[in-house]
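A short worksheet on the structure shown next.
Model, not experiment: these values are computed from the prediction.
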Amino acid sequence: MANCSGMTNIQIRPIRAEDNASIARIIRMTLAEFGADKPGTVFFDPTTDDLFQLFSIPGSLYFVAEVNGALVGGSGVYPTPGLPVNCCELVKLYLLPEIRGLGLGIQLMEKCFQKAIELGFSRMYLETMPELRTAIGLYEKTGFEYLSGPMGKSGHFGCDLWMIKNLL
């Protein structure tokens, strides 16, 4: 697998309000690409259009990735209601097709792991679906393990795979 060192000017930074439209487009394009643009997913979630506002609550942060000044994806940490107090959720990890396989997804996840620990979380949960097989490989590679059912109250009933990772 190649790595991001071949790309110039990579920046991973917190989301800004002006990123909302671009990251929402990337999320919806990716879900459609994999046939995962179905009810009960972030495709239809109205908060997808204002991630800057969604991630302004305490215990959350959304990172966007830029390559040469162009937004190419993102991922975040979110204190999903109903999760145990020491557990947050890895949410909305999406990358444009041309940037996948270069290590940027793992870099985004590592930033999220670090931020989650800084925020006091010791475990990270996620929800996904079989259609997002590329992401599932990343989750497995970074130590996520499968659960038999959902945790918390994300409201994303379209997701039918659940995973957890110990951060410490």
Side-chain angles (χ1 to χ4, degrees), residues 4 9-33 36-96 99-100 104-129 132 135 138-139 142 144 147 150-159 161-168:
C4 289
N9 197 18
I10 300 164
Q11 184 181 16
I12 297 176
R13 60 166 175 79
I15 193 169
R16 298 188 292 242
E18 59 266 24
D19 300 323
N20 278 337
S22 293
I23 196 65
R25 186 170 39 258
I26 290 168
I27 289 169
R28 289 192 174 105
M29 283 174 29
T30 303
L31 287 168
E33 172 191 352
D37 50 343
K38 57 188 180 182
T41 68
V42 297
F43 190 91
F44 290 102
D45 189 333
T47 64
T48 299
D49 294 306
D50 193 359
L51 294 186
F52 177 76
Q53 178 64 34
L54 180 66
F55 286 88
S56 67
I57 70 159
S60 73
L61 186 67
Y62 194 80
F63 293 103
V64 294
E66 291 179 331
V67 174
N68 298 328
L71 201 66
V72 298
S75 184
V77 173
Y78 198 78
T80 301
L83 289 178
V85 70
N86 66 340
C87 188
C88 63
E89 188 173 359
L90 178 73
V91 293
K92 298 172 180 39
L93 173 62
Y94 295 97
L95 290 169
L96 289 175
I99 212 74
R100 292 183 206 136
L104 193 51
I106 288 180
Q107 284 186 25
L108 278 164
M109 290 172 66
E110 290 292 337
K111 289 282 277 190
C112 289
F113 300 157
Q114 291 167 10
K115 179 48 80 172
I117 292 167
E118 287 173 24
L119 292 168
F121 296 107
S122 59
R123 296 190 308 154
M124 185 174 272
Y125 167 76
L126 67 81
E127 298 179 336
T128 190
M129 55 196 100
L132 301 177
L138 282 180
Y139 302 146
T142 57
F144 280 90
L147 295 168
M151 294 172 57
K153 299 176 179 132
S154 73
H156 296 144
F157 60 84
C159 294
L161 290 176
W162 312 277
M163 302 176 89
I164 191 115
K165 172 185 174 64
N166 288 321
L167 297 171
L168 303 175

If every non-hydrogen atom of S75 is compared with every non-hydrogen atom of L90, which pair is closest and at what distance?
OG-CD1, 3.4 Å
Indicate yes or no for a side-chain donor-acceptor contact from Y125 to the backbone of M151 under 3.5 Å, with no hydrogens or angles considered.
yes
Fit a plane to each ring of F144 and F113, take the angle between them on a 0 to 90° scale, and name the class: parallel (under 30°), tilted (30 to 60°) or perpendicular (over 60°).
tilted
I'd like to know whether V91 forms a side-chain contact (heavy atoms from CB on, under 4.5 Å) with F55, so could you lay out the CA-CA distance, the side-chain angles of the two residues, the decisive distance to 0.1 Å, and finally the verdict.
CA-CA 11 Å; V91 293; F55 286 88; 3.5 Å; yes
Provide the closest heavy-atom pair for P79 versus P58 in the form atom of the first, atom of the second, distance.
CG-O, 3.6 Å
Before giving the answer on side-chain contact (heavy atoms from CB on, under 4.5 Å), spell out for L126 and K165 the whole-Å C-alpha distance, their side-chain angles and the decisive distance to 0.1 Å.
CA-CA 9 Å; L126 67 81; K165 172 185 174 64; over 6 Å; no
For Q114, all residues meeting side chain to side chain contact (heavy atoms under 4.5 Å, CB included), sequence neighbours excluded:
K111
Residue set satisfying side-chain hydrogen bond (donor to acceptor under 3.5 Å, both in side chains) with T80, at least two apart, ordered chain then number -> E89
Residues in side-chain hydrogen bond (donor to acceptor under 3.5 Å, both in side chains) contact with R100, at least two apart in sequence or another chain
E33
D19: what forms a salt bridge (Lys or Arg N to Asp or Glu O under 4.0 Å) with it, not counting sequence neighbours?
R13
Set of salt bridge (Lys or Arg N to Asp or Glu O under 4.0 Å) partners for R25, sequence neighbours left out
none
What are the two closest non-hydrogen atoms of I23 and G74, and how far apart are they?
CD1-N, 3.8 Å
Taking all heavy atoms of I10 and all of L104, pick out the closest pair and write down the distance.
CG2-CD1, 4.0 Å
Applying ring pair (Phe, Tyr, Trp, His ring centres under 6.0 Å), can you list everything that pairs with F43, at least two apart in sequence or on another chain?
none
Quick check for you: to the nearest 0.5 Å, what is the distance between E110 atom CD and I12 atom CD1?
10.0 Å
The side chain to side chain contact (heavy atoms under 4.5 Å, CB included) partners of P39 (sequence neighbours excluded) come to F44, F157
Can you tell if the side chain of L96 reaches within under 4.5 Å of the side chain of T30, non-hydrogen atoms only?
no
Going by side chain to side chain contact (heavy atoms under 4.5 Å, CB included), name the residues that satisfy it together with A24, two or more places apart in sequence or in a different chain.
R28, T48, D49
When you look at L95 and I26, which way does the side-chain contact (heavy atoms from CB on, under 4.5 Å) test go after all the steps?
CA-CA 7 Å; L95 290 169; I26 290 168; over 6 Å; no
Between V64 and P14 the two heavy atoms that sit nearest each other are CG2-O, 4.3 Å
Going through the distances and angles, do T128 and Y139 end up as a side-chain contact (heavy atoms from CB on, under 4.5 Å)?
CA-CA 10 Å; T128 190; Y139 302 146; 4.1 Å; yes
Nearest 0.5 Å please: distance from the CG atom of N166 over to the CE atom of M124.
11.5 Å
Does anything in residues 51-63 form a side-chain hydrogen bond (donor to acceptor under 3.5 Å, both in side chains)? List the pairs, not counting sequence neighbours.
none
Under 3.5 Å, is there a donor-acceptor pair between the side chain of D45 and the main chain of T47?
yes
Determine whether K92 and L51 make a side-chain contact, defined as any pair of heavy atoms from C-beta on separated by less than 4.5 Å.
yes
Apply side chain to side chain contact (heavy atoms under 4.5 Å, CB included) to L119 and list each qualifying residue two or more places apart in sequence or on a separate chain.
V77, K115, F121
Separation of C87 SG from L167 CG (nearest 0.5 Å)
8.0 Å
Between L83 and C88 the two heavy atoms that sit nearest each other are CD1-C, 3.7 Å
The criterion is ring pair (Phe, Tyr, Trp, His ring centres under 6.0 Å); which residues satisfy it with Y94, sequence neighbours excluded?
none
Within the 4.5 Å heavy-atom criterion, are M129 and L161 side-chain neighbours or not?
no
Donor-acceptor pair, side chain of T41 and main chain of D37, under 3.5 angstrom:
no
Hits for side-chain hydrogen bond (donor to acceptor under 3.5 Å, both in side chains) against T142, two or more places apart or cross-chain, chain-then-number order -> none
Side chains of N9 and N68: is there a donor and an acceptor less than 3.5 Å apart?
no
